Amino acid sequence: MKNIFLRATVIDILLWISLATLFSTSTTAGGATAKPGCESKCGELTVPYPFGIGLGTNCSIGTWFDVNCNTTFDPPKPFISTGNLEIIDISNDRLRIKNWVAAACYNQTGNRTRQNPVAINFTGTPYSFADTNKFTVVGCDDLALIRGSGGRNFTSGCLSLCSEREDLIDGFCTGIGCCQTSIPKGLTAFSSALGSLRNHTEVWSFDPCGYAFLGDEDVFKFRTSDFSDENFQNRTIENVPMVIDWVIGSQNCSEAKKSVEYACLQNSDCVDSDTGLGGYRCNCSTGYEGSPYLSPGCTG
């Protein structure tokens with residue numbers, strides 16, 4: 001009886017391992033992120049369909065979702081197909097891309113030594129700037145304007161002032177050395193540039209430059225040490241992403257469901273965009289997982 005029990009136990013264990021392996025394999029297959037025959041990773045970024053790696057490779061749902069994987073970098077870097085906007089994350093409703101930062105610097109006599117304006121235009125693409133971004137100005141003698149267009153016309157500005165380093169408070173971006181203002185949903189293009197009231201002549205000893213950028217409000221935290229950090233612009237580019245909303249097409253769900261190009265597969269729900277620009281996205285229905293855009297759709 002003892003040998004029979006041991007034999008049965010071994011058989012149960014082997015059967016359990018086989019089932020576990022099968023389940024693991026089917027889960028991996030069901031959770032595929034890229035179209036069959038297409039790469040799923042560019043460098044350190046996993047690229048899920050409807051995005052796809054390669055320009056014109058038919059690995060994405062459409063040209064605007066092509067990801068340009070630049071292999072001249074080590075590791076390779078992924079960029080939006082529209083140009084030199086580097087992608088650092090893709091979720092089911094948003095992209096995060098590396099920042100672009102406007103800057104203006106002055107010498108001790110008030111002459112401008114550097115100026116970098118910024119402009120990005122997503123008009124006519126599936127992308128718009130999420131309202132979780134804040135327009136931020138860092139400096140003690142700086143006025144920056146942001147002008148938006150495309151889906152929504154928008155103009156605003158921020159004035160950031162202080163007279164001495166001791167005025168600054170870590171974590172506070174309320175106009176003393178740091179100023180922030182909100183943007184509306186549906187902004188598809190913006191430009192920004194910096195000006196100065198006195199060309200930093202009265203604050204140059206501790207603040208020779210001013211900066212302006214659009215970035216994730218949950219990531220950027222103002223620090224008084226930003227003024228003495230010569231690497232502030234590059235650090236912000238690398239560490240404070242811009243958040244981008246993306247959608248499929250320009251139709252709402254009720255319109256898209258009548259089209260042969262409707263992207264939501266079985267066991268998924270269509271969600272209208274709330275940007276005011278039209279378009280939709282697909283989410284797996286409750287209790288299902290996988291990709292709602294890849295055949296056979298979401299699985300239980």
Side-chain angles (χ1 to χ4, degrees), residues 12-54 57-67 69 75-76 78 80-81 87-97 125-128 130-132 185 216 218-219 241 243-275 277-300:
D12 288 343
I13 292 172
L14 291 174
L15 180 60
W16 175 256
I17 292 173
S18 298
L19 289 172
T21 302
L22 178 62
F23 179 76
S24 175
T25 302
S26 63
T27 300
T28 302
T33 59
K35 282 180 71 174
C38 296
E39 296 291 330
S40 62
K41 294 200 74 172
C42 175
E44 299 174 354
L45 178 73
T46 297
V47 178
Y49 193 79
F51 295 85
I53 295 174
T57 58
N58 198 34
C59 284
S60 75
I61 200 170
T63 303
W64 292 115
F65 292 87
D66 285 350
V67 173
C69 188
I80 291 177
S81 61
I87 305 169
I88 57 178
D89 181 68
I90 302 176
S91 70
N92 63 355
D93 59 350
R94 285 175 170 165
L95 299 177
R96 282 172 172 77
I97 63 175
T125 78
Y127 307 120
S128 61
D131 60 356
T132 54
K185 275 184 178 291
D216 190 342
D218 294 329
V219 175
V243 186
I244 309 299
D245 287 322
W246 64 267
V247 295
I248 302 291
S250 58
Q251 297 177 316
N252 62 31
C253 289
S254 60
E255 296 167 337
K257 287 176 181 178
K258 303 172 185 176
S259 169
V260 295
E261 296 180 350
Y262 180 56
C264 301
L265 301 183
Q266 73 175 23
N267 302 319
S268 68
D269 302 312
C270 186
V271 180
D272 284 325
S273 167
D274 61 357
T275 62
L277 302 172
Y280 66 94
R281 293 185 306 276
C282 309
N283 290 333
C284 286
S285 302
T286 302
Y288 295 87
E289 60 182 15
S291 172
Y293 303 100
L294 281 175
S295 181
C298 302
T299 56

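Keep in mind the model is a prediction, meaning the values are calculated, not measured. Only heavy atoms go into these numbers, but all of them, side chains included; no hydrogens, no water, no symmetry mates.
- For D66, the side-chain hydrogen bond (donor to acceptor under 3.5 Å, both in side chains) criterion is met by S60, not counting sequence neighbours.
- Every residue two or more places apart in sequence or in another chain was checked for a side-chain hydrogen bond (donor to acceptor under 3.5 Å, both in side chains) with N92, and none qualifies.
- Put simply, the side chain of L277 reaches to within 4.5 Å of the side chain of S128, judged on heavy atoms.
- With rounding to the nearest 0.5 Å, the separation of CD1 in I97 from CG in D216 is 12.0 Å.
- Side-chain atoms of L45 and I90, non-hydrogen and from C-beta on, do get closer than 4.5 Å to each other.
- Residues W246 and F65 are in side-chain contact: their nearest non-hydrogen atoms beyond the backbone lie under 4.5 Å apart.
- In terms of modelled atom types and a separation under 3.5 Å, the side chain of S250 and the main chain of G278 share no donor-acceptor contact.
- No donor-acceptor pair under 3.5 Å is formed between the side chain of Y293 and the backbone N or O of P48.
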Query raised in the report: Does the pair C270 and C282 meet the rule for a disulfide bond (SG atoms under 2.5 Å apart), with working shown?
Result: CA-CA 5 Å; C270 186; C282 309; 5.7 Å; no
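- Applying the salt bridge (Lys or Arg N to Asp or Glu O under 4.0 Å) rule to K185 yields the partners D131, D274; only residues at least two apart in sequence or on another chain are considered.
- In this view, N252 and S254 satisfy the side-chain hydrogen bond (donor to acceptor under 3.5 Å, both in side chains) rule, not counting sequence neighbours.
- Taking the side-chain hydrogen bond (donor to acceptor under 3.5 Å, both in side chains) definition, one finds that S91 meets it with D93, sequence neighbours left out.
- In terms of heavy atoms, A263 sits closest to Y280 at N-OH, 3.0 Å.
- Side chains of C38 and T57 form no contact here, defined as non-hydrogen atoms less than 4.5 Å apart.
- With D272 contributing its side chain and C253 its backbone, the two residues share a donor-acceptor pair below 3.5 Å.
- Side chains of I248 and E261 form no contact here, defined as non-hydrogen atoms less than 4.5 Å apart.
- Counting heavy-atom neighbours within 6.0 Å of Y288 OH, excluding the residue itself, gives a total of 12 or less.
- Here the two cysteines C298 and C284 have their SG atoms closer than 2.5 angstrom.
- By the 4.5 Å heavy-atom criterion applied to side chains, P292 and C264 are not counted as neighbours.
- Applying the side chain to side chain donor-acceptor pair (under 3.5 Å) test to every pair with at least one member in residues 36-52, sequence neighbours left out, gives no pairs at all.
- Under a 3.5 Å cut-off, the side chain of S259 and the backbone N or O of E255 do not form any donor-acceptor pair.
- Residues L95 and F51 meet the side-chain proximity criterion, which asks for heavy atoms closer than 4.5 Å.
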